[in-house]
Amino acid sequence: MGSVVSSFGNLCGKEKKQEEERHLRANDRPFNLSYLYANNAIKTSKYNVFTFLPLNLFEQFTRLANAYFLFLLLLQLIPQVSSLSWFTTAVPLILVLSMTAVKDASDDINRHRCDRQVNNRQVNVLTDGELKKEKWMNVQVGDIVKLESNHFVTADLLLLSSSEPLNLVYVETAELDGETNLKVKQALTVTGEMGDNIEALSTFRGEVRCEPPNNRLDKFKGNLTVNGQTYGLDNDKILLRGCTLRNTEWCFGLVIFGGPDTKLMQNSGKTTFKRTSIDHLMNVLVLCIFGFLGTMCFVLAIGNAIWEVKEGSVFTAFLPREAGVNAALSSFLSFWSYVIVLNTVVPISLYVSVEIIRLGNSFYIDWDRKMYYPKNDTPAQARTTTLNEELGQIKYIFSDKTGTLTQNIMTFNKCSINGKNYGELFDFSGQRVEVTEKTQRVDFSWNQLADPNFIFHDYSLLETVKEGNPEARAFFRLLALCHTVMPEEKKEGELNYQAQSPDEGALVTAARNFGFVFRSRTPETITIMEMGRKVTCELLAVLDFNNVRKRMSVIVRSPEGKMTLYCKGADTIIYERLHPSCKKLMDVTTGHLNEYAGDGLRTLVLAYKDLEESYMDGWRQRHHEASTAMEGQEEMLNELYEEIEKDMTLLGATAVEDKLQDGVPQTIEQLAKADIKIWVLTGDKQETAENIGYSCNMLREEMKDVFIVAANTAEGVKEELQNARRKMCPEAAEEPSVIKARAGLFWLQKTETVRDEKVDGDYGLIINGHSLAFALEKDLELELLRTACMCQTVICCRVTPLQKAQVVQLVKKYKQAVTLAIGDGANDVSMIKAAHIGVGISGQEGMQAVLSSDFSFAQFRYLQRLLLVHGRWSYLRMCKFLRYFFYKNFTFTFVHFWYAFFCGFSAQTVYDEWFITLYNLMYTALPILSLCLFDQDVNDRWSFQYPQLYSPGQLNMYFSKKAFVRCMMHSCYSSLILFFIPWAAMHDTVRDDGRDIADYQSFALLAQTCLLVVVSAQLCLDTHYWTTVNQLFVWGSLATYFAVTFTMYSNGMFLIFTSVFPFIGTARNSLNQPNVWLTIFLISLLCILPVVALRFVLLQIRPTINDKVRHMVGKEVLPSPAPRRPPARRISTRQSGYAFSHSQGYGNLVTSQGFLLKRPLKGRSILFTQTDSALAENKPQQYRTITEEVEESQSSHSW
Amino acid sequence: MMASSYNAKEEDGHHPGSSNHGGTGPSSSKKPDNTAFKQQRLPAWQPILTAGTVLPAFFIIGLIFIPIGIGLYVTSNNIKEFEIDYTGVEPDSPCYICAQNFSWNSTTPCICTVNFTLQQPFENNVYMYYGLSNFYQNHRRYVKSRDDKQLNGDLNNLEDPSSDCEPYRKIGGKAVAPCGAIANSLFNDTLDLSYVESNGTLNSIDLQRKGIAWWTDKHVKFKNPAGSNLSVAFQNTVMPVNWRNPVYNLDPSDPDNNGFINEDFIVWMRTAALPTFRKLYRIIPKKSGAASTLPSGSYRLKIAYNYPVLSFDGRKRMILSTISWMGGKNPFLGIAYITVGSICFFLGIVLLIINHKYGNRSSSADIPN
């Protein structure tokens, strides 16, 4: 019933596609029903009992391969045409169809079960003035529902009221976007006032007008009209289906979108289906094969016509023609007969096998322990199982920076206090000492509340603080006070910080360890332990961070009554607001800042200002007015902030290390050796990105030049790009050389490929978002592409998510190369979707990237294993599979072609029909599968040792049109041998007792046995990696063939199914003949030996990189890994880089009254992160310094 | 022929205790299992083509093939075979008249005799074949045109043959037995062989008509319909249009060789793979004692010329042959083996030279970094 209604609703929804505005009224079902909005029942299942068979079959037959085989089956039912029994096509087809159908059915049963379970969930709905339990599916748009803590949100709701102060609710959106941290939603005051007053709620007649159903999770537009007043609605007031209510006793919501209209369901729609280049090639080839098949059949049909005229017409005494059939008609019929006989050139099992192989190779990725990250228990995951071989062909990698190359873990590393630099170690002679694992750490044990994981090496800082240096103390006091971190103290002394940005967490933790422990906060106060003394400061105002201000301040009143403004922010911003008296200090500090920036550290400048009581009173008054103003609130506040944040006194600067992930430089080096180009696309500032570029070895000091494109006009960008290009390659033509070609099915698709240009030496290119916007315009994009592709390293900074996707598209379009995008955040989703392969880092910025990715793992360094090992193997295996598969089927089929010349072009088959049926399904299926699941040319360690092994994949060397033609020629040769040797050996011969052996059945048996032996031998020759399973399958398949053959040709089978198995006795009578075996032996050698000889000659004359490495594997032990080069310290004068990784702060929330007051009572653990999720427990404290697990990293990147 | 290297289980860098690092304990850890299969470390043999394996293989194959080839060739050459074409195409051939005057309606067979001389005596069993050329027994419609059930003695199909037999399925409402184009075109020349003594008297040679079909065909595949009397069993059927005798009277001399299990019929029903073929017709058993089965001298072949082939440019032959362990005379295998063996040997030398010239290329570790 529910599903009927829902599908009806669905139908209406589709018909009214142009629903432009949703209009609904609370508690007014008749009114809302008039719009025929979908109710809350969902239907994700595709079929029901009755529609399953027709629908599923229809769906399957829309696939070209299946439709083709259905067509063949129909052809075979025409007796004049049928050259093969119906079962030769029907058995494989039915097998494939039923396998798919069973899979589809079980999927759909699961979906049904899910739907039923979800639709039958209970929820309290307000009907007729009271709360009644109702099934989810019966909830209508306009109903008011009551949710309780840990309930799933029933539908897309407008939040009306909640148990929490300020009408806040907390939701977890894990099911929606995978992020486990809690999000806050707030209801309008006007509805919030109703609270849980049932009477008020049931008489509530608010009218909502809002946008029609759509899939944007982060946007909502609409308004609510209550009692003539209209209030705006935004995303903050909407609870989306798929969220879970947390830490909120209850809340009421008005259903706005139900069931299929919810954003969750709208989002679960079709995802763009990615296909690999091999897929495309395969489609083209299949098309070619169809053409080829047509040609062959045409030739044979002509042959048939000639034969019918010359021979058939006079042979009618013994073989009369059927009534009404003349030579022309006969040749027409024989065309179709040959279509049936030769159909095996387009094998149905090809597609099935390809899927199986890809699935198997995906499982290997899931199972790989070397891509498992123990720290947060994350194994690698192949989320798409159809793209594996493309991993072996990557040419360009587009990488995000934060969280991908870096850990997004910040460690407090250095600081400059009052012009003195701390954090570096010097030996007696004043030389800088490299900090290593063994360097002695500062002992913080005197501080009970210190974070044990905090590591610092410079003792002098601690001494300075202990001595009571006022600047140092002010410095750390600032760090302890000026932030929006939430503390959590479950047990006395066990402090946990919940920080929005890891930078902040690192700074607060540093202060904590140096004796300025941030302990707790209320909306009005902040309590810190200042060198063991408890100090409670009054928090007067938080001047929150945002991207324009790039600074954050707090105004506090100390217990002594002194009012101070503490400010931290980007150097350029703060320097403008400092008191002129700090000039000297500024210069010194600037020097330090440059040094930090040179080390790739993120810097912040700290400043303070003492405030006058009188001034402050006035300011606070104005501040209050501004923050309660209805209009222009933001501008007014900003003005106030500007006013007070000036003439500050400089305290110093902090340097936080944005730690690179383990093995990033090594991975990048490996990938570069594999001739993969890496472009970094980051939202960070140019300086930060540049620094990271240097620290992860992408930009190197020995590079000839690093071009920076940062112009503000299209002209400027063009000029800079051209200058860079001319400098790299002065002789290059002005116009890019574009190769125009056609590709794709029916050659409909036009492609333009920009040729790679040779450049001497390494160059780097850094381009900022502003310039990129110009460069991505139509007229400049080729210029950008040319210049960028000449460089070793390209870094794009300050790019928007859209630009990331555009860059990927650009390369995809003009390079015809396989691209991979890797990222971890929501801003990477667009490029992950745009690239051929998207990889998500299941890191700390949530799960959105992972959810839209094709592969995911926890660490960037696993990328080299994914590409150099799994990708390479997958590509190798897939290519081997295709080459072998085409070989074996062409060989099989071509024999028929040759035989046609000896059987009057009558479409007589060479083999037994049962052999034709079982050849692909049984006799040759498993050995090739095992080859494609186990084969490896060299093992993973050698793959890492020689990343160059990767390049054949990029050049499409293993499977291309050329390889396909070679395959066909090989097949042609084999089939000639396979037909003419038995022909010559058998045509006049007899058995050793004088009886017949040159009969059709014996010849068929001989031909098919030879064929099977030959293709098995060819498989053995192609197998590089012989496991027991390979052996078992190869020998097993041959044994099966003989067993099945003898069984089918046995007396018993003949007596039971007389007309089905007419080959009785053939096996016994011919396989006991020595000359039959001599023929088999001769044929096998004749087919195999030339291949061996050719391969050997190629190996000698033109060994590929693969051959060389394999040769070394054969006789050498793996060379020991080269000692790791210590990273060279860069002496640089680059400007400091600073970035907060979070957007608008939580300043408002931190200071909001009710929110903090109620917390201790409820025993609610934390605000931002939910503790009982597995992830949260395993997640290390984000700001701690963590000694990386050595054993894990050793194995994968120790060269 | 290939070098091998055994890929021992390699350390994958994980220590057994490391699964605890996840923090949730080993029981709930998502760490993949450390099995050789899942980690793709299955022990394996990795053969590579090297000079040390490929070259000897070629030489050995050459060395094996050449003797086998020689053996086969000699064996084949020792087989005596005599073939005579009696189609009657040439005006001076004895069967010219029979061939020209052939008519399906004639009731009396046209007899022609062919004289020939065996230069060498034929020892042991001698096999007499008839050979047909340009006869498309392997045409799809021809091959299909039979009913195995009927031939297996199935009573239903005897009286209602399969539609495959069209147009030789029924005549005048009565089922044709045996039905189909194959049966209809049964070779029905009779060949008699006599030795012409030096004095001119004819010494008829005993030709065995049994033992010429496969055992499985005679005993399993072909069965007469049940019934003590064959003529009764076949009473509701008619014989194929081209036949002169009904199926139960194919061999008047031996009642057990009639019906579907008539061996001439069985041999014919085993359709040939190629348009030129020979089929076993009679066996001339070895004579006891030292006497040759067929001594050298003159022979006369008497042919009852019933089978028309001229219309489709076909040929009819009579072949006398002895056999060996490898069957009839067929020099092809022997020559092929000798050729392949020599080529292998030659290739081995060529490869040796190539290896000598370029051999150090693949082994040198000049892999660009």
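This one's a predicted model, so the numbers in the text were calculated from it and none came from an experiment.
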Nearest-0.5 Å distance that lies between atom CD in B/Gln40 and atom CG in A/Asn939: 11.0 Å
Counting C-beta onward and ignoring hydrogens, is there a side-chain heavy-atom pair between B/Lys221 and A/Phe1054 closer than 4.5 Å? yes
NZ of B/Lys144 to CD of A/Gln908: how many Å apart, nearest 0.5 Å? 10.0 Å
Answer yes or no: is there a side-chain heavy-atom contact under 4.5 Å between A/Tyr899 and B/Asn138? yes
Name the member of A/Ile997, A/Val938, A/Asp993 that forms the most heavy-atom pairs with chain B at distances under 4.5 Å. A/Asp993
Which residue out of B/Gly211, B/Ser324, B/Ser76 racks up the most heavy-atom pairs below 4.5 Å with chain A? B/Gly211
Determine whether the aromatic ring centres of A/Phe318 and B/Tyr136 lie less than 6.0 Å apart. no
Proximal component of B/Leu151, with respect to chain A [non-hydrogen, under 4.5 Å]: neither
Partner chain B: residue of A/Val1097, A/Thr1058, A/Leu1078, A/Thr1027 with the largest heavy-atom pair count (under 4.5 Å): A/Leu1078
For chain A, find which of B/Trp325, B/Phe58, B/Phe37, B/Trp214 contributes the most heavy-atom pairs closer than 4.5 angstrom. B/Trp214
Under 3.5 Å: donor-acceptor pair, side chain of B/Arg278, backbone of A/His987: no
Proximity breakdown for A/Pro1062 and chain B, heavy-atom pairs closer than 4.5 Å: both
Shortest non-hydrogen contact between A/Gly994 and B/Ile323, atoms and distance: N-CD1, 3.5 Å
Part of A/Gln381 lying under 4.5 Å from any heavy atom of chain B: neither
Among A/Asp937, A/Asp999, A/Leu933, A/Ile1064, residue most engaged with chain B (heavy-atom pairs, under 4.5 Å): A/Asp999
Any idea which of A/Gly312, A/Pro379, A/Ser1059 has the most non-hydrogen atom pairs under 4.5 angstrom with chain B? A/Pro379
A/Thr1079 versus B/Leu333: any side-chain heavy-atom pair under 4.5 Å? yes
Toward chain A, the part of B/Asp164 with a non-hydrogen atom under 4.5 Å: neither
Heavy-atom distances under 4.5 Å only: say whether A/Leu1085 touches chain B with side chain, backbone, both or neither. side chain
What part of A/Thr1023 lies closer than 4.5 angstrom to a heavy atom of chain B: side chain, backbone, both or neither? backbone
Mind checking whether B/Trp45 and A/His1024 have ring centres under 6.0 Å apart? no
Search all heavy atoms of B/Leu42 against all heavy atoms of A/Tyr1025 and return the closest pair with its distance. O-OH, 2.7 Å
Nearest heavy-atom neighbours spanning A/Tyr364 and B/Lys38: CD2-O, 3.9 Å
Are the side chains of A/Trp307 and B/His139 in contact, using a 4.5 Å heavy-atom criterion? yes
Begin with the C-alpha distance, continue with both residues' side-chain angles, and end with the deciding distance and a verdict on side chain to side chain contact (heavy atoms under 4.5 Å, CB included) for A/Val990 and B/Tyr127. CA-CA 10 Å; A/Val990 292; B/Tyr127 296 81; over 6 Å; no
When rounded to the nearest 0.5 angstrom, what distance separates CZ in A/Arg369 from CZ in B/Arg41? 8.0 Å
Report the C-alpha separation of A/Arg995 and B/Ile212 in whole Å, then their side-chain angles, then the decisive distance to 0.1 Å, and conclude whether the side chain to side chain contact (heavy atoms under 4.5 Å, CB included) test is met. CA-CA 6 Å; A/Arg995 292 171 198 169; B/Ile212 55 172; 5.5 Å; no
Quick one: does any side-chain atom of A/Arg1110 pair with a main-chain N or O of B/Gln46 as donor and acceptor, under 3.5 Å? no
Does a salt bridge link A/Asp377 with B/Lys31, judged by any charged N lying under 4.0 Å from a carboxylate O? no
Out of B/Val220, B/Ile68, B/Asp148, return the one with the most heavy atom pairs under 4.5 angstrom to chain A. B/Val220
Within a 6.0 Å radius of atom CZ on A/Phe363, are there more than 12 heavy atoms belonging to other residues, nucleotides or ligands? no
Counting heavy-atom pairs under 4.5 Å to chain A, which of B/Ser185, B/Pro308, B/Pro167, B/Ala272 comes out on top? B/Ala272
Of all heavy-atom pairs linking A/Phe1003 and B/Ala273, the shortest is CB-CB, 3.5 Å
Students often mix this up, so state it plainly: with edges at 30° and 60°, are the rings of A/Phe315 and B/Tyr142 parallel, tilted or perpendicular? tilted
If we define contacts as heavy-atom pairs under 4.5 Å, which of B/Gly131, B/Ala51, B/Cys344 has the most with chain A? B/Ala51
Pairing donors with acceptors under 3.5 angstrom, does anything connect the side chains of B/Thr216 and A/Asn1069? yes
Distance in Å, A/Ile1101 CD1 paired with B/Tyr358 OH, rounded so as to fall on 0.5 Å steps: 5.0 Å
Looking only at A/Ala985, A/Pro1074, A/Gly904, most heavy-atom pairs under 4.5 Å shared with chain B are made by A/Ala985
Taking the ring of A/Phe1081 and the ring of B/Phe65, is the distance between their centroids below 6.0 Å? yes
Correct closest heavy-atom pair for A/Leu1082 and B/Ala336 would be CD2-CB, 3.7 Å
Identify which part of A/Ser1050 has an atom lying under 4.5 Å from any heavy atom of chain B, answering side chain, backbone, both or neither. neither
Among the options B/Ser321, B/Ala213, B/Ser163, B/Ser162, pick out the one with the most heavy-atom pairs lying under 4.5 Å from chain A. B/Ala213
Go through it in stages, so that I can follow the logic: the residues are A/Ser906 and B/Arg141, the test is side chain to side chain contact (heavy atoms under 4.5 Å, CB included), and I'd like the CA-CA distance, side-chain angles, deciding distance and then a yes or no. CA-CA 7 Å; A/Ser906 62; B/Arg141 279 188 288 125; over 6 Å; no
If you count heavy-atom pairs under 4.5 Å with chain B, which of A/Ser1002, A/Cys903, A/Ala1093 comes out on top? A/Cys903
Kindly give the heavy-atom pair with the smallest separation between A/Ala317 and B/Tyr168, and that separation in Å. O-OH, 3.7 Å
Is the shortest side-chain heavy-atom distance between B/Phe312 and A/Thr316 below 4.5 Å? no
Quick one: does any side-chain atom of B/Asn330 pair with a main-chain N or O of A/Thr989 as donor and acceptor, under 3.5 Å? no
State whether A/Asp996 and B/Lys279 are salt-bridged, where the test is any N-O pair (Lys NZ or Arg NE/NH1/NH2 against Asp/Glu carboxylate O) under 4.0 Å. yes
Report the distance from atom CG of A/Leu1098 to atom CG of B/Leu49, rounding to the nearest 0.5 Å. 10.5 Å
Please tell me if the side chains of B/Lys30 and A/Thr378 come closer than 4.5 Å, counting only heavy atoms from C-beta onward. no
A/Val1092 and B/Val54: CA distance, side-chain angles, deciding distance, side chain to side chain contact (heavy atoms under 4.5 Å, CB included) verdict: CA-CA 8 Å; A/Val1092 173; B/Val54 173; 4.1 Å; yes
Counting only heavy atoms from other residues, nucleotides and ligands, does the tally under 6.0 Å from CZ of A/Phe980 exceed 12? yes
Given that the side chain runs from C-beta out, which part of A/Phe905 has a heavy atom under 4.5 Å from chain B: side chain, backbone, both or neither? neither
Spacing of A/Leu1086 atom CG and B/Thr339 atom OG1 [to the nearest 0.5 Å]: 9.5 Å
Is there a donor-acceptor contact under 3.5 Å linking the side chains of B/Arg270 and A/Gln1001? yes
